[in-house]
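Source: prediction; values computed, not measured. Heads up: numbering here begins at 1 and tracks the sequence.
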Amino acid sequence: MPKISFSKFLSSRSKRKSTKTNSGYAQKTIESLNNYFIEKKYPFKVIDSILSVYVITFLVEPIASSQEAKLEDTLQDLKELLETDNIRLIDNVLNTSYLGLQVANPSPFDLSYQYCLDNTQGKGKLPIGIDTTNQLLSLTIDELGNTLVIGGPKTRKTTFIKTLLTSLILSQDNSDINVILDNSYYHDLSLFSKNAYMSNDIILSLNHLVKELDRREALLNGETFKSYNKKALNDGINTLPRINIFLDEYKNDYLNLVYNLVSRSSRLGLNIILSSSTYIPELGKYLSSCLIFKVDDLESAHLTNIKDALYLIGKGDALILSNAIKREDPLRIVTPYISDKDIRRLVP
């Protein structure tokens with residue numbers, strides 16, 4: 001298992017007065033736990049601390065059934081050592097070679113959006129997150145394509161959409177059109193109202209967008225969006241703008257309209273990024289990417305084939321599946337955190 005270290009990517013939000021939340025405290029805890037494991041002859045070693053979770057690897061692989069009793073002893077001993085009952089497993093320790101223990105209620109750290117933005121290279125690239133080998137994943141809006149963002153409440157799926165919008169506004173061509181359909185309770189995307197067409201009337205707006213795609217389909221007459229624009233540039237006529245739709249908190253009430261858009265989107269210059277509490281099977285074959293944040297119930301989220309989603313720890317911890325990433329299994333990443341204050345500072 002590769003070493004996981006996010007310490008240098010943590011934002012200034014982690015620099016709090018409490019000594020229990022700083023990296024010095026985490027390092028001392030790691031050293032204390034490792035010394036304790038050696039003293040007790042437990043076959044475990046702490047390899048790092050991520051997002052307030054101490055990542056502990058087994059020194060014996062595969063895990064034999066004889067280790068289960070020792071694991072239970074270890075958990076009980078740790079509770080007494082740390083004087084807390086707030087210790088819980090965040091992975092299925094009998095099927096993997098590591099486990100995570102959440103200890104002592106430290107405040108969660110946040111991955112700095114500014115750091116990700118500063119280190120994103122390539123024209124049109126948008127920072128998506130940091131993977132478990134410390135690599136920054138960045139994709140263009142075209143590579144990301146139609147994207148479904150799945151997660152429970154307070155897992156930062158809307159924060160992820162905020163980072164995408166911020167990055168897109170800072171990097172995109174002026175010809176792009178961003179459309180925000182905000183169905184969330186708090187209307188969290190209203191900060192972008194100066195830089196995008198914004199509507200809370202989802203049905204009306206989706207109907208307008210369907211009519212726009214009908215117009216484009218007639219105009220292109222079988223051509224693709226890209227080939228039409230290439231010819232338009234050569235002929236000196238106006239090109240068609242790409243439309244990026246951000247739909248926060250999808251509901252089944254408008255499935256038919258969303259399906260109409262998504263099924264025609266790739267050839268007509270439209271990308272749609274929508275967040276939902278569950279997978280939407282009707283849209284599956286038209287999705288290029290899927291981000292999965294923590295869910296509490298795999299069956300209700302229709303994610304029984306991606307069981308790892310149950311063990312994500314929240315606060316931006318996510319799995320990503322994308323045609324732009326050359327792998328069949330989900331990639332685990334931490335998505336960046338951006339505050340409303342940061343958005344006001346960065347977005348003109």
Side-chain angles (χ1 to χ4, degrees), residues 2 4-14 50-51 108-151 155-174 176 178 180 188-189 191-192 195-196 242 244-246 248 271-275 287-294 312-327 330-348:
I4 307 172
S5 175
F6 288 89
S7 57
K8 61 184 176 183
F9 305 123
L10 301 180
S11 73
S12 58
R13 289 170 58 87
S14 66
I50 313 170
L51 300 175
F109 296 138
D110 296 317
L111 175 60
S112 167
Y113 170 76
Q114 188 65 60
Y115 171 86
C116 294
L117 184 65
D118 292 344
N119 288 275
T120 298
Q121 298 178 350
K123 184 178 180 181
K125 292 285 187 177
L126 313 175
I128 306 299
I130 302 286
D131 70 17
T132 54
T133 63
N134 294 340
Q135 298 299 308
L136 175 62
L137 174 66
S138 58
L139 301 170
T140 66
I141 190 67
D142 282 337
E143 289 173 331
L144 200 59
N146 293 326
T147 300
L148 177 61
V149 183
I150 304 168
T155 56
R156 294 196 175 165
K157 63 181 188 288
T158 299
T159 299
F160 174 72
I161 290 178
K162 287 181 180 180
T163 65
L164 281 186
L165 272 164
T166 301
S167 302
L168 201 57
I169 290 166
L170 293 176
S171 69
Q172 73 180 8
D173 297 330
N174 290 330
D176 278 15
N178 295 321
I180 298 173
D188 290 328
L189 302 180
L191 284 167
F192 300 97
N195 303 89
R242 181 178 55 197
N244 304 310
I245 303 172
F246 295 84
D248 198 17
N271 283 322
I272 184 164
I273 292 92
L274 63 157
S275 75
L287 296 175
S288 299
S289 303
C290 183
L291 263 90
I292 305 163
F293 290 85
K294 181 174 175 58
L312 296 171
I313 62 176
K315 300 297 183 183
D317 190 14
L319 302 170
I320 181 171
L321 287 160
S322 177
N323 294 338
I325 303 173
K326 306 301 181 184
R327 53 184 290 158
L331 175 66
R332 190 173 186 177
I333 61 172
V334 174
T335 57
Y337 173 80
I338 190 169
S339 68
D340 289 352
K341 182 179 179 181
D342 291 334
I343 295 171
R344 293 187 186 97
R345 174 176 59 83
L346 290 167
V347 176

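Atom CG of L346 is separated from atom CD of Q114 by 5.5 Å, given to the nearest 0.5 angstrom. The CD1 atom of I333 sits 6.0 Å away from atom CG of L137, with the distance rounded to the nearest 0.5 Å. Note: K125 NZ to S167 OG = 13.0 Å, rounded to the nearest 0.5 Å. Rounding to the nearest 0.5 Å places CG of L139 at 5.0 Å from CD1 of I128. To the nearest 0.5 Å, atoms NZ (K157) and OG1 (T155) are separated by 5.0 Å. Atoms CZ and CG, from F293 and L319 in turn, are 9.5 Å apart once rounded to the nearest 0.5 Å.
Considering only heavy atoms from C-beta on, L191 stays 4.5 Å or farther from V347 through its side chain. Between F192 and I343 the shortest side-chain heavy-atom distance falls below 4.5 Å. For the pair L126/T120, no side-chain contact is recorded, criterion being any heavy-atom separation below 4.5 Å from C-beta on. Counting only heavy atoms from C-beta outward, the side chains of N271 and R242 approach each other to under 4.5 Å. Looking at L170 and L117, their side chains come closer than 4.5 Å, going by heavy atoms from C-beta outward. T335 places none of its side-chain heavy atoms less than 4.5 Å from the side chain of T163. Inter-residue side-chain proximity for L274 and L148 is flagged as met; some heavy-atom pair is nearer than 4.5 Å. Within the 4.5 Å cutoff, the side chain of S275 has heavy atoms near those of the I161 side chain.
Among D340, D342, D248, the one residue that satisfies the salt bridge (charged side-chain N to carboxylate O under 4.0 Å, His left out) test with K162 is D340.
The shortest heavy-atom contact between Y115 and S112 is N-OG, 3.0 Å. Nearest heavy-atom pair across E143 and S138 is OE1-O, 4.4 Å. Residue L144 comes nearest to S288 through the heavy atom pair O-CB, 3.4 Å, listed as atom of the first residue, atom of the second, then distance. Between G129 and P336 the shortest heavy-atom distance is CA-CD, 4.0 Å.
With T158 contributing its side chain and R156 its backbone, the two residues share no donor-acceptor pair below 3.5 Å.
The side-chain hydrogen bond (donor to acceptor under 3.5 Å, both in side chains) search around S322 returns S289, not counting sequence neighbours.
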